[in-house]
**Student:** 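Okay, here's the structure, questions in a sec.
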Amino acid sequence: IDTDQDGVPDYKDKDNNTPKDMLVNFQGVPIGQKGSATGVSGSKLGFLPAIFFDFDDATLKTEFLGSLAQLALAMKYNPNTKLTVIGYTDNIGSPEYNKALGSRRAQNVANFLVMQGINVNRLVIESKGSADPLTDVKSNDANRLNRRVQFKVLEGGGFLELPGDKNNETPEELKNE
C-alpha cells in the first residue's frame with residue numbers, strides 16, 4: 001500500500017502525506033518539487049542511487065552495478081556535472097576506523113565510475129563515517145541502511161538527464177557504449 005502515491009510503500013515511507021508534486025528519496029521523504037531546477041541532489045532520476053554495503057566491507061555488491069552504470073551514463077550525457085561521493089558506516093567501531101571505512105566505500109564507488117569512463121576530476125570523495133545515520137535504531141537490519149554511499153551534485157546545475165530524455169533518442173556518441 002502506498003497511501004500518498006509517491007512510489008514508496010507505506011511500511012518504508014517516513015512521510016505518508018507527501019504532496020503529489022514532490023520528489024522523494026527512497027524513504028519517502030520529500031527532497032524537491034517535480035520539474036524544479038533543484039530536484040533530488042540535482043537529479044532528474046528522482047533521486048541519485050544509494051549504494052549499500054555489508055558489515056565492515058567496502059566491496060561493491062553486484063546488485064548495485066546497474067545503478068552505478070546508469071549514473072555513469074547520465075554523467076556522460078551531462079559532461080559538466082560533478083559529484084561528491086559520500087561514504088557512511090554504521091556506529092560499530094571507532095570513529096577513526098569508520099571514517100576510513102566510509103572513505104574506502106566512497107573510493108570504490110568512484111573507481112567504478114572512473115572505469116565507466118568518468119573523469120576522476122568530476123568526483124570528490126568524502127567520508128562521514130558513522131555521522132548522519134539514516135536510522136538511529138540499534139539493530140542489524142537498521143544498521144544496513146547506514147552502511148552506504150550517497151551522492152551530491154556539486155556542479156552542472158539543473159537535473160541529470162539520461163539519454164532518451166529528449167525526444168526519446170539516444171545521442172550518437174553514446175550509442176556504442
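Quick note: numbers below take in every heavy atom, side chains included, and nothing from hydrogens, waters or symmetry partners.
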**Student:** Any heavy-atom pair between the side chains of E126 and V85 that's under 4.5 Å?
**Tutor:** no
**Student:** Under 4.5 Å between side-chain heavy atoms, hopping through other hydrophobics if needed: is there a path connecting Y88 to I92?
**Tutor:** no
**Student:** Can you check whether S127's main-chain N or O pairs, donor with acceptor, with K99's side chain at less than 3.5 Å?
**Tutor:** yes
**Student:** Please determine whether side-chain contact (heavy atoms from CB on, under 4.5 Å) holds for the pair V124 and K82, giving the CA-CA distance in whole Å, both sets of side-chain angles, and the decisive distance to 0.1 Å.
**Tutor:** CA-CA 8 Å; V124 175; K82 292 184 179 183; over 6 Å; no
**Student:** Salt bridge check: are D54 and R147 linked by an N-O gap of less than 4.0 Å?
**Tutor:**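 Looking at R147 together with D54, the answer is no, because their closest N to O distance does not fall below 4.0 Å.
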**Student:** How far does CZ of F53 sit from CG of L60, to the nearest 0.5 angstrom?
**Tutor:** 5.0 Å
**Student:** What distance separates L71 CG from T81 OG1, expressed to the nearest 0.5 Å?
**Tutor:**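 These two atoms lie 9.5 Å from each other.
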**Student:** Show the nearest heavy-atom pair for residues N146 and T135, with the distance to one decimal.
**Tutor:** ND2-O, 3.0 Å
**Student:** Without swapping roles, check the side chain of K76 against the backbone of Q116 for a donor-acceptor pair under 3.5 Å.
**Tutor:** yes
**Student:** Please check: side-chain N/O of R122 versus main-chain N/O of V120, any donor-acceptor pairing under 3.5 Å?
**Tutor:**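 Side chain of R122 to backbone of V120, a donor-acceptor pair under 3.5 Å: no, none is there.
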**Student:** Run the side-chain contact (heavy atoms from CB on, under 4.5 Å) check on M75 and L83 step by step: do they pass?
**Tutor:** CA-CA 9 Å; M75 289 188 72; L83 294 180; 3.4 Å; yes
**Student:** Okay, side chain of D90, backbone of S130: is any donor-acceptor separation there less than 3.5 Å?
**Tutor:**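 Judged by distance alone, no pair lies under 3.5 Å.
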**Student:** Does R104 make a cation-pi contact with Y97, if we ask for NZ or CZ under 6.0 Å from the ring centre and within 45° of the axis?
**Tutor:** yes
**Student:** Does atom CG (D132) have a neighbourhood of more than 12 heavy atoms from anything else shown, all under 6.0 Å?
**Tutor:** yes
